[in-house]
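Report on one structure; see the data block that follows.
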Amino acid sequence: MTKTITFNDLRRLKDSLPDGSMHQIADKLNTTVQTVRNYFGGSNYAFGKNCGVHIEPGPDGGIVVLDDTTIYDMAVEILQKEKEQA
């Protein structure tokens, strides 16, 4: 399922994650940490892959279309668990 959000919202989600979350997501998906970072707007494709993130220029950092929301959903789940523990 695809999801459309603003680039700034995607970055806010990434910046809200607790330390170690990128490694946790990468481990669960058996991928590299750089691939997870690329999903959140990084661009180091020498050590990571493209994850079906399409960015178009526009207001609020542009529009991002996520082809696969697995990483996004995992990040939201991590934040929800952290909020419940607080």
Side-chain angles (χ1 to χ4, degrees):
M1 181 168 85
T2 63
K3 180 171 186 68
T4 303
I5 62 174
T6 67
F7 181 76
N8 288 345
D9 285 340
L10 184 65
R11 294 298 287 189
R12 274 191 282 277
L13 174 63
K14 177 206 157 278
D15 293 341
S16 299
L17 291 170
D19 290 340
S21 296
M22 298 286 182
H23 291 277
Q24 181 182 351
I25 292 170
D27 289 345
K28 284 185 180 178
L29 296 177
N30 197 30
T31 191
T32 65
V33 174
Q34 191 57 51
T35 298
V36 177
R37 287 185 181 128
N38 289 347
Y39 186 87
F40 287 105
S43 59
N44 185 342
Y45 299 107
F47 296 102
K49 298 178 183 174
N50 183 346
C51 296
V53 175
H54 309 283
I55 303 172
E56 296 182 26
D60 206 16
I63 301 298
V64 178
V65 178
L66 305 171
D67 290 342
D68 183 349
T69 62
T70 303
I71 293 174
Y72 178 88
D73 294 338
M74 291 175 81
V76 169
E77 183 179 323
I78 289 169
L79 288 176
Q80 287 174 342
K81 285 180 182 178
E82 184 179 74
K83 185 176 181 181
E84 290 171 3
Q85 293 175 353

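T70 pairs by the side chain to side chain contact (heavy atoms under 4.5 Å, CB included) definition with L29, D68, M74, not counting sequence neighbours. Residues that satisfy the side chain to side chain donor-acceptor pair (under 3.5 Å) test with D19, not counting sequence neighbours, are absent from this structure. Here D27 pairs with nothing under the side chain to side chain donor-acceptor pair (under 3.5 Å) rule; sequence neighbours left out. For V33, the side chain to side chain contact (heavy atoms under 4.5 Å, CB included) criterion is met by M22, H23, A26, R37, not counting sequence neighbours. For R12, the side chain to side chain donor-acceptor pair (under 3.5 Å) partners are D9, not counting sequence neighbours.
Put simply, the side chain of L10 reaches to within 4.5 Å of the side chain of F40, judged on heavy atoms. Residues I78 and I25 have side chains in contact (heavy-atom distance under 4.5 Å, counting atoms from C-beta outward).
A distance of 7.5 Å separates CD1 in I71 from OG1 in T35, rounded to the nearest 0.5 Å. Here L66 contributes atom CG and T4 contributes atom OG1; the two are 7.5 Å apart, rounded to the nearest 0.5 Å.
With T69 contributing its side chain and Y72 its backbone, the two residues share no donor-acceptor pair below 3.5 Å. Of the possible donor and acceptor atoms, none in the side chain of D60 sits under 3.5 Å from a partner among the backbone N and O of N8.
Applying the salt bridge (Lys or Arg N to Asp or Glu O under 4.0 Å) definition to pairs two or more places apart or across chains, those involving residues 77-86 are E77-K81.
V65 and L13 are assigned to two separate hydrophobic clusters, defined by single-linkage of ILVMFWY side chains at heavy-atom distances under 4.5 Å.
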